[in-house]
Amino acid sequence: MTALRTQVAIIGAGPAGMFLAHMLRQAGIDAVVIERRDRAYVEGRVRAGVLEQVTVDLMHRLGLADRLVREGLVHDGTKLALDGEPFRIDLAGLTGGATVTVYGQQEVMRDLFDAAEAAGLTTVWNAADVTLDGMDGPCPVVSWRDAGGARSLTCDYVVGCDGFHGVSRHAIPAGILRTFERAYPFGWLGILADVPPADHELIYANHERGFALASMRSATRSRYYIQCGLDGDIAAWPDDRFWDELCLRLGPDAGGRVIRGASFEKTIAPLRSFVAEPMRWGRLFLAGDAAHIVPPTGAKGMNLAVSDVTMLGDALAEHYRDGSSAGIDGYSRRALARVWKAERFSWWFTSVTHRFPTMDGFDRRIQMAELEYIRSSPAAQRVLAENYVGLPLEVA
Ligand code: FAD
Ligand code: PHB
């Protein structure tokens, strides 16, 4: 057994873990990141595509924004469509100038990992059987096995950034942890294809046959999703069937502009809302998907992971600099205040854009009335826009 020591142990090298590692490094705090998989696996996962200003701001602050500035696509509007009829939400005009940036999670991870290597951040890859002990005492210990054998790391604090399926959340005793959950009776079937996008903005489409989303990664790479059943079998979705269904749901206008091509990624993701409270127990903090999940409608997941670690990174910096515990003591309350507002928005946006199997004519007409209302009311559009671009860090 090799015994190691650091100030902060971070479990998981996804966006939450790596952003936090860079923040701590900038504040002069020693940290070790412990990841179950290897870099290629984490970087290869096709996930988020839309960055809120909080995420763009943190990349600038950490000196990681060169490629983002060059390659990111700044969007000052987004579109909704009801039964094939699109209408635009002027994000910037309705929010005093706020925008979102299309830049894939894969690109964010590449920037984080390249900079981590250059800065010599300590990352342990392929760590098996990660175990957390002593979180409620003065010196927590994280243990794992890797190619070099069994390891144990003693530290001041542990931050669980290990996603929804990680181990950290389960280290909090059942009598303390409360969880809140909604599962949705459908998933998203997503593809990537090297074809120009159908529109220069995203289109969230509510269609009688189900939801569809037209998104992108660049001027030459499209990302499309359609709502599908949970029993979804990828083999049942050859490219032609996917393109036909997508075009139907987007309607003649945008559907007519879809350029088809061979997909090189095709996966089904289930949709879930989930929050675990509190986000701190003793010397263990939770951040990102380890503590909360949102359905992807509205693109909040990675951005919430970033807002969590922005708050936590600053609180830990203050703690090590001044000896103050106010920031770390307030972390769970502050983070949850923003998390719940993003949960509400993602749940609502999912509810008004998807086809639920139990929906009857009444439900459908309520949904249509809600979207018609948004189409015609600047006040309703403003509510959507300010949530979509991302609420400020402090929302309590
Ligand atoms: P993760 O990215 O899950 O990272 C956790 C890391 O911990 C992983 O690398 C994992 O291997 C590691 N780990 C797990 N268990 C252990 C263990 N026991 N020991 C050590 N390491 C462990 N979000 C947006 O903001 N915008 C979008 O447009 C968007 N679109 C999405 C589309 C899809 C199809 C999906 C699936 C998600 C989307 N998201 C989006 C959500 C976003 O991808 C996640 O919210 C984000 O990855 C969360 O980051 P994280 O670091 O908290 O967790
Ligand atoms: C994406 O491009 O992957 C994407 C965009 C917007 C969302 C979800 C996913 O709401």
Side-chain angles (χ1 to χ4, degrees), residues 10-12 14-17 19-20 47-48 50 52 54-55 105 132 135-136 157-188 230 269-313 315 327-354 356 383-384 386-396:
I10 299 172
I11 320 292
F19 271 114
L20 182 64
R47 297 176 105 193
V50 177
E52 291 177 359
V54 284
T55 303
Q105 181 164 332
L132 280 57
M135 296 300 124
D136 54 344
Y157 296 100
V158 177
V159 187
C161 297
D162 47 352
F164 182 67
H165 299 288
V167 291
S168 302
R169 187 173 67 248
H170 303 289
I172 303 180
I176 300 214
L177 193 74
R178 294 189 69 195
T179 60
F180 305 87
E181 189 161 10
R182 277 284 175 281
Y184 299 84
F186 40 72
W188 277 19
L230 274 180
L271 269 66
R272 186 195 302 275
S273 297
F274 173 87
V275 182
E277 296 180 354
M279 287 171 62
R280 177 195 182 175
W281 180 62
R283 289 178 175 263
L284 170 66
F285 299 91
L286 300 179
D289 280 15
H292 41 75
I293 296 285
V294 287
T297 334
K300 295 282 164 237
M302 182 169 75
N303 293 299
L304 271 187
V306 172
S307 63
D308 286 353
V309 298
T310 303
M311 293 180 201
L312 183 58
I328 56 175
D329 289 347
Y331 165 70
S332 178
R333 182 192 53 73
R334 283 178 71 206
L336 283 167
R338 191 170 190 277
V339 164
W340 273 112
K341 288 177 181 65
E343 290 283 345
R344 184 207 68 81
F345 176 69
S346 307
W347 161 83
W348 169 82
F349 204 18
T350 304
S351 309
V352 295
T353 48
H354 288 66
F356 288 71
V383 172
L384 195 161
E386 78 173 3
N387 282 278
Y388 190 80
V389 299
L391 295 175
L393 272 189
E394 294 300 335
V395 293

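Keep in mind it's a predicted model, so treat the numbers as computed, not measured.
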Presence of salt bridge, Asp329 and Arg280, under 4.0 angstrom: yes
In terms of heavy-atom contacts, Arg338 and Pro392 come closest through NE-O, 3.3 Å
Say you draw a straight line from NE2 of His354 to OG1 of Thr297; how long is it, rounded to the nearest 0.5 Å? 4.0 Å
Go through the structure and list residues passing side-chain hydrogen bond (donor to acceptor under 3.5 Å, both in side chains) with Tyr184, not counting sequence neighbours. Ser273
Just wondering, do Asn387 and Arg344 contact through their side chains at under 4.5 Å, heavy atoms? yes
Please report the interatomic distance CD1(Ile172) to CD(Glu277), rounded to the nearest 0.5 Å. 11.0 Å
For Tyr388, enumerate each residue passing the ring-ring contact (aromatic ring centres under 6.0 Å, His included) test, keeping only those at least two apart in sequence or located in another chain. Tyr204
Flag yes if more than 12 heavy atoms outside Trp348 fall under 6.0 Å of its CH2 atom; otherwise flag no. yes
Nearest heavy atoms of Ile10 and Gly17, plus distance in Å: CG2-CA, 3.6 Å
In chain order, what residues pass the side-chain hydrogen bond (donor to acceptor under 3.5 Å, both in side chains) check against Thr310, with sequence neighbours excluded? none
Quick test of your reading: applying salt bridge (Lys or Arg N to Asp or Glu O under 4.0 Å), list the pairs with at least one residue in residues 169-184, sequence neighbours left out, ordered by first then second residue. Glu181-Arg272
Side chain to side chain contact (heavy atoms under 4.5 Å, CB included) between Ile328 and Tyr157: does it pass, once the steps are laid out? CA-CA 11 Å; Ile328 56 175; Tyr157 296 100; 3.6 Å; yes
Atom pairs and distances, donor-acceptor, side-chain atoms in residues 160-167, under 3.5 Å, two or more places apart:
{"from": "Asp162", "atom 1": "OD1", "to": "Ser168", "atom 2": "OG", "distance (Å)": "3.1"}
{"from": "Asp162", "atom 1": "OD2", "to": "Val167", "atom 2": "N", "distance (Å)": "2.8"}
{"from": "Asp162", "atom 1": "OD2", "to": "Ser168", "atom 2": "N", "distance (Å)": "2.9"}
{"from": "Asp162", "atom 1": "OD2", "to": "Ser168", "atom 2": "OG", "distance (Å)": "2.9"}

If you apply the rule side chain to side chain contact (heavy atoms under 4.5 Å, CB included), what do you find for Phe19 with Met302, and how did you get there? CA-CA 11 Å; Phe19 271 114; Met302 182 169 75; 5.5 Å; no
Considering non-hydrogen atoms only, spot the tightest contact between Pro278 and Leu336 and give its length. CA-CD1, 4.4 Å
Here the pair of heavy atoms bringing Val275 nearest to Val339 is CG2-CG1, 4.2 Å
Between CG on residue Asp308 and CG on residue Asn303, distance to nearest 0.5 Å: 11.0 Å
Where do Val309 and Ala16 come nearest, in terms of heavy atoms and distance? CG1-O, 3.4 Å
Might you point out which heavy atoms bring Leu286 and Tyr331 nearest each other, and give the distance in Å? O-OH, 2.7 Å
Go through it in stages, so that I can follow the logic: the residues are Phe349 and Val294, the test is side chain to side chain contact (heavy atoms under 4.5 Å, CB included), and I'd like the CA-CA distance, side-chain angles, deciding distance and then a yes or no. CA-CA 11 Å; Phe349 204 18; Val294 287; over 6 Å; no
Between Glu343 and Lys300, does at least one N-O distance fall below 4.0 Å, as a salt bridge requires? no
Would Leu177 and Trp281 count as a side chain to side chain contact (heavy atoms under 4.5 Å, CB included) if you check the C-alpha gap in whole Å, the side-chain angles of each, and the deciding distance to 0.1 Å? CA-CA 9 Å; Leu177 193 74; Trp281 180 62; over 6 Å; no
Who passes side-chain hydrogen bond (donor to acceptor under 3.5 Å, both in side chains) against Asp136, sequence neighbours left out? none
